[in-house]
Colleague: 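Here it is, the structure in full.
Along the sequence shown, residues are numbered consecutively beginning with 1.
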Amino acid sequence: MTIEVVRIGQRLVRDDRVTTHAALVSRAFGASRIYMNETNSEILQVIDGMNKSWGGSFEVALEDNLKDIIRQKKDSGYMIVHLTMYGYALHDYLKFNTVPEKILIVIGASKVPREIYSMADYNVSVGLQPHSEIAALAVFLDRIQCGEQFKREFPGASKRIIPSRTGKCVSDL
């Protein structure tokens with residue numbers, strides 16, 4: 001399965017950390033790339049450092065026109081899923097749909113343009129209450145992969161976590 005994410009918008013200053021977390025959750029939960037605009041370009045160095053330390057080849061793509069990315073992905077066979085609290089309930093979405101081979105997940109930081117709602121194949125809600133786009137992304141990615149993303153290896157890692165019941169243990173490879 002190929003999973004990519006689009007994050008629309010950023011609330012300046014306040015969202016630098018949230019934007020980084022959107023990328024980290026995307027990476028850790030199985031996406032290969034996140035597209036974004038209106039963001040601090042330092043996120044490229046953060047994710048590059050993450051890949052060097054913890055492995056993998058996750059990409060951050062800074063793009064001016066995210067609507068064009070959505071259109072291109074749709075034209076190349078991706079299912080477009082927009083995560084929004086106004087969407088079709090996640091449990092119903094999963095009950096009636098098979099998980100596609102290629103999926104582009106759209107999350108918003110600020111008010112999402114109305115056009116995105118009609119560009120999406122599905123508008124999906126993880127809960128019909130206001131919530132974080134990062135929480136929605138994590139829950140959605142976990143549900144569509146049934147936890148399999150946590151079994152994935154991240155090639156090229158220089159560090160790994162050794163599970164510990166009472167402390168933090170990181171090993172250099």
Colleague: Which atoms form the tightest heavy-atom contact between M119 and I80, and what is the distance?
Modeller: O-CB, 4.3 Å
Colleague: More than 12 heavy atoms of other residues, nucleotides or ligands under 6.0 Å from CG of D64: yes or no?
Modeller: no
Colleague: Which pairs with one or both residues in residues 74-86 pass salt bridge (Lys or Arg N to Asp or Glu O under 4.0 Å), sequence neighbours excluded?
Modeller: K74-D121
Colleague: On a heavy-atom basis, which atom in I107 and which in A22 lie closest, and how many Å separate them?
Modeller: CD1-CB, 4.1 Å
Colleague: Quick one: side chains of residues 166-173, donor-acceptor pairs under 3.5 Å with protein atoms, not counting sequence neighbours, listed by atom name and distance.
Modeller:
none

Colleague: Go through the structure and list residues passing side-chain hydrogen bond (donor to acceptor under 3.5 Å, both in side chains) with K95, not counting sequence neighbours.
Modeller: D92
Colleague: According to side-chain contact (heavy atoms from CB on, under 4.5 Å), who are the partners of E4, at least two apart in sequence or on a separate chain?
Modeller: T2, S32, R33, Y35, K73, Y78, L104
Colleague: Supply the atom-to-atom distance R17 CZ to I134 CD1, rounded to the nearest 0.5 angstrom.
Modeller: 10.0 Å
Colleague: Evaluate the side-chain contact (heavy atoms from CB on, under 4.5 Å) criterion for residues T84 and V112: first the C-alpha distance (whole Å), next the side-chain angles of each, then the deciding distance (0.1 Å), finally the verdict.
Modeller: CA-CA 9 Å; T84 170; V112 173; over 6 Å; no
Colleague: Are side-chain heavy atoms of V18 and R7 found at a separation under 4.5 Å?
Modeller: yes
Colleague: Using the ring pair (Phe, Tyr, Trp, His ring centres under 6.0 Å) rule, collect all pairs that involve residues 97-119, keeping only residues at least two apart or in two chains.
Modeller: H82-Y117
Colleague: Would you compute the distance between atom NZ of K67 and atom CD of E115 and round it to the nearest 0.5 angstrom?
Modeller: 4.0 Å
Colleague: Which pair of heavy atoms, one from S125 and one from G87, lies closest together, and at what distance?
Modeller: CB-O, 3.5 Å
Colleague: Of all the heavy-atom pairs spanning S26 and L137, show the shortest one and how long it is.
Modeller: OG-CD2, 3.3 Å
Colleague: Would you be so kind as to tabulate the donor-acceptor pairs closer than 3.5 Å made by side chains of residues 138-160, with sequence neighbours excluded?
Modeller:
{"residue": "D142", "atom": "OD1", "partner": "Q149", "partner atom": "NE2", "Å": "2.9"}
{"residue": "Q145", "atom": "NE2", "partner": "F29", "partner atom": "O", "Å": "2.6"}
{"residue": "Q145", "atom": "NE2", "partner": "L141", "partner atom": "O", "Å": "3.0"}
{"residue": "E148", "atom": "OE2", "partner": "K151", "partner atom": "NZ", "Å": "2.9"}
{"residue": "Q149", "atom": "OE1", "partner": "G147", "partner atom": "N", "Å": "3.4"}
{"residue": "S158", "atom": "OG", "partner": "K52", "partner atom": "O", "Å": "3.2"}
{"residue": "S158", "atom": "OG", "partner": "S53", "partner atom": "O", "Å": "3.4"}

Colleague: Would a 4.5 Å heavy-atom cut-off, applied to side chains only, mark I3 and I103 as touching?
Modeller: yes
Colleague: Does a side-chain heavy-atom distance below 4.5 Å link E42 with T20?
Modeller: no
Colleague: If we only count heavy atoms from C-beta on, is the Y86 to N123 side-chain gap below 4.5 Å?
Modeller: no
Colleague: Taking a hydrophobic cluster as the set of Ile, Leu, Val, Met, Phe, Trp and Tyr residues connected by side-chain heavy atoms closer than 4.5 Å, whether directly or through intermediates, do W54 and I162 fall within one such cluster?
Modeller: no
Colleague: Would you mind reporting whether M36 and L62 have side-chain heavy atoms less than 4.5 Å apart?
Modeller: yes
Colleague: With a 3.5 Å distance limit and no angle check, can you tell me whether K102 reaches the backbone of S76 through a side-chain donor-acceptor pair?
Modeller: yes
Colleague: What distance do I105 atom CD1 and L83 atom CG have between them, rounded to the nearest 0.5 Å?
Modeller: 6.0 Å
Colleague: Hey, any chance L128 and V126 share a hydrophobic cluster, counting ILVMFWY side chains that come within less than 4.5 Å of each other, even indirectly?
Modeller: no
Colleague: If every non-hydrogen atom of Y93 is compared with every non-hydrogen atom of P100, which pair is closest and at what distance?
Modeller: OH-CD, 4.4 Å
Colleague: Kindly give the heavy-atom pair with the smallest separation between A31 and V5, and that separation in Å.
Modeller: CB-CG2, 4.0 Å
